[in-house]
Amino acid sequence: MATATERTTAQWQALDSAHYLHPFTDYGDLSRKGSRIITRAEGIYLWDSDGHRILDGMAGLWCVNVGYGREELVEAARRQMSELPYYNSFFQCTHPPAIELAEVLTQLSPASFNHVFFTGSGSESNDTVLRLARYYWQLRGQPQKRVFISRHNAYHGSTVAAASLGGMKPMHGQGCLPIPGIEHIEQPYYFGYQGDLGKTEFGVECALALERKILEVGVDRVAAFIAEPIQGAGGVIIPPDTYWPEVQRICDQYDILLVADEVICGFGRLGHWFGSEHYAIRPDLMPIAKGMTSGYLPMGGVLVGDRVADVVINDGKEFFHGFTYSGHPACCAVALANIELIKRDALVERVREKSGPYLARQWATLADHPLVGETRSCGLVGALELVRDKATRARFEPAGRIGTLCRDTAVNNGLVMRAVGDTMIISPPLIIDTSQIDELVALARRSLDITAEHVL
Ligand code: PXG
């Protein structure tokens, strides 16, 4: 393989657009503008092929929780790959890294979780959730309980089941999705709400949409409700405090499984090992991925609560489901080393007690900017709503143009900040310190200033 410097940026770009079909990329833009080639990274910073340093405000894609360049993870992979690079855990086989990781994960998670099913990604985790929940109700003698309720604008992945569970309309439009048996309700997005309710009442009202949907579908037909504790890719939607307690009450009352998609919120992002703990909810299933290995190797899983595990295991039959790379030894070894680092550096506590509250204070200072209609954050995720008129919350038209402009401006000025329509979002590595948070916020303000020069 050529080293990064053996080709010029233009040569890499030409090769890239000739052969590489990128995920979630506008192919017209790609061939017109060329892609940004990232060649190395250290700590919270990336470098591109022109030598520009960029603060990675998105931790890769919400995943590089321990930051880049952690030799402990590299060494764990190297050691495992030379000892046992691959073996499966199908048909009554297993290996030490998978066994140990399963033990460690169940120790980290709430007491009701004592089992984990390994996958290769968050999408595979959510496919597993769908199959496992339906299987559970079959074993309980209620096979008609198979409908999943999810939310508009949720993101649960890109496979057929995960994209169907997600509530992204453009994804549904490509490929006849969602598959049957999946219903969507409103998301608890207060900034986007046009009505008269206060935030507290709005939270309850959004939760009651779940109850209405259960009654509409039929209590005896609903298998589960799935949701991210905080919606990530949908725009860092932080629900009102009243939302989750009411959702929990409804799931309990109607005896439906609660699935907390922890793919982004897990592994410290909200200042707890799992986002569910931040909201004090009691899920039955928790799909995980991303921060599980800090993205150093691809891996996911589903933490399976006792309620489901007991039924599936006690049944004593085969669950016809699994992936070649379920519990891949090298991924497990990296996950174990990653969790060890998170513990050793007390990153979860650091987010909860220090960097989360500090980011909240500094991020909120951006509220005085003429383009910013709202700032919000929780732990180490944050969002800025860009508006044309702060008083009326009126947006710019066409939707998404100013967000893209701000995103491109930010990256040209040394900050990765994502745009979801006209909502700017961040999710930096958990190792970010207070002076680096100052740098992130200053770069965000500069990007807003330059964006404002173009539109105001
Ligand atoms: N659940 C959640 C909550 C996610 O955020 C997945 C599942 C799927 O994980 P995999 O590993 O299959 O990608 C995700 C993934 C974005 C973006 O643009 C977010 C994700 C993936 C790609 C892009 O913010 N999240």
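Whatever order the structure lists ligands and atoms in, that order sets their numbers, starting from 1. Predicted model only: the values in this text are computed from it and were never measured. Quick note: numbers below take in every heavy atom, side chains included, and nothing from hydrogens, waters or symmetry partners.
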Participant: Between Tyr325 and Tyr86, how do the two ring planes meet: parallel, tilted or perpendicular, split at 30° and 60°?
Facilitator: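 Judged by the thresholds at 30° and 60°, the geometry between Tyr325 and Tyr86 is perpendicular.
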Participant: Just need the protein heavy atom nearest to atom 17 (C) of ligand 1, so name the residue and atom and give the distance.
Facilitator: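 Minimum-distance protein heavy atom for atom 17 (C) of ligand 1 reads Trp62 NE1, 3.8 Å.
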Participant: As a quick check of understanding, evaluate ring pair (Phe, Tyr, Trp, His ring centres under 6.0 Å) for Phe274 and Phe267, giving each step before the final call.
Facilitator: CA-CA 6 Å; Phe274 299 95; Phe267 299 93; 5.8 Å; yes
Participant: Could you go through His172 and His184, starting from their C-alpha distance and side-chain angles, then the distance that decides it, and tell me whether this counts as ring pair (Phe, Tyr, Trp, His ring centres under 6.0 Å)?
Facilitator: CA-CA 12 Å; His172 292 171; His184 294 87; 5.4 Å; yes
Participant: Should we count OH of Tyr87 as having more than 12 external heavy atoms under 6.0 Å?
Facilitator: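 Open.
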Participant: If the plane angle is over 60° it's perpendicular, under 30° parallel, otherwise tilted; pick one for Tyr155 and Phe24.
Facilitator: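 Correct class here is perpendicular.
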Participant: Counting only heavy atoms closer than 4.0 Å, does ligand 1 sit against the backbone of Glu124, its side chain, both, or neither?
Facilitator: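 It is neither part, as no heavy atom is under 4.0 Å.
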Participant: Under 6.0 Å from the CG atom of Asp241, do we count more than 12 heavy atoms belonging to anything else shown?
Facilitator: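 For Asp241, atom CG is not crowded (no more than 12 foreign heavy atoms under 6.0 Å).
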Participant: Looking at Gly122, which atoms of ligand 1 are within less than 4.0 Å of one of its heavy atoms?
Facilitator: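 Those atoms are 8 (C), 9 (O), 10 (P), 11 (O), 12 (O).
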Participant: Out of all atoms in ligand 1, which are within 4.0 Å of some heavy atom of Arg418? Include the element for each.
Facilitator: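 What qualifies from ligand 1 is 16 (C), 18 (O), 24 (O).
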Participant: Hey, does Leu61 come in under 3.5 Å of ligand 1, counting only N/O atoms on both sides?
Facilitator: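 No - when backbone and side-chain N and O of Leu61 are compared with those of ligand 1, no distance drops under 3.5 Å.
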Participant: Considering only heavy atoms from C-beta outward, does the side chain of Trp62 approach that of Ile425 to under 4.5 Å?
Facilitator: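 Yes - at least one pair of side-chain heavy atoms lies under 4.5 Å apart.
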Participant: Numbering the atoms of ligand 1 from 1, which are under 4.0 Å from a heavy atom of Asp261?
Facilitator: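 Close to Asp261: 1 (N), 2 (C), 3 (C), 7 (C).
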Participant: Does an N or O anywhere in Glu228 fall below 3.5 Å from an N or O of ligand 1?
Facilitator: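 No; the residue has no nitrogen or oxygen that sits under 3.5 Å from a nitrogen or oxygen of the ligand.
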Participant: Shortest non-hydrogen contact from Ser158 to Ser123?
Facilitator: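 Heavy atoms of Ser158 and Ser123 come nearest at N-OG, 3.0 Å.
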Participant: Among all protein heavy atoms, pick out the one at the shortest distance from atom 20 (C) of ligand 1; state its residue, atom name and that distance to 0.1 Å.
Facilitator: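 In this structure, atom 20 (C) of ligand 1 has Lys290 NZ, 3.3 Å as its nearest protein heavy atom.
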Participant: What atoms in ligand 1 come closer than 4.0 Å to a heavy atom of Ser121?
Facilitator: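 Reading through ligand 1 atom by atom, the close ones are 11 (O), 12 (O).
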Participant: Any idea which atoms of ligand 1 are less than 4.0 Å away from a heavy-atom of Ala233?
Facilitator: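 Close to Ala233: 16 (C), 19 (C), 24 (O).
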Participant: Does Lys343 have more than 12 heavy atoms from other residues, nucleotides or ligands lying within 6.0 Å of its NZ?
Facilitator: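 Yes.
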Participant: Where is the nearest protein heavy atom to atom 2 (C) of ligand 1: which residue, which atom, and how far?
Facilitator: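 Residue, atom and distance for the closest contact: Tyr155 O, 3.3 Å.
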Participant: Using a 4.0 Å heavy-atom cut-off, which part of Val420 comes near ligand 1: side chain, backbone, both, or neither?
Facilitator: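 It is neither; nothing of Val420 touches ligand 1.
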Participant: Of all the atoms in ligand 1, which lie at a distance below 4.0 Å from a heavy atom belonging to Ile264?
Facilitator: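 Taking each heavy atom of Ile264 in turn, ligand 1 has 5 (O) under 4.0 Å.
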Participant: Which atoms of ligand 1 sit under 4.0 Å from any heavy atom of Ser123?
Facilitator: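 Per the distance check, 8 (C), 9 (O), 10 (P), 12 (O).
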Participant: Is it the side chain, the backbone, both or neither of Asn126 that has a heavy atom closer than 4.0 Å to ligand 1?
Facilitator: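 The part of Asn126 near ligand 1 is the side chain, not the backbone.
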Participant: Less than 6.0 angstrom separating the ring centers of Phe117 and His321, yes or no?
Facilitator: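 Yes, the ring centres sit under 6.0 Å apart.
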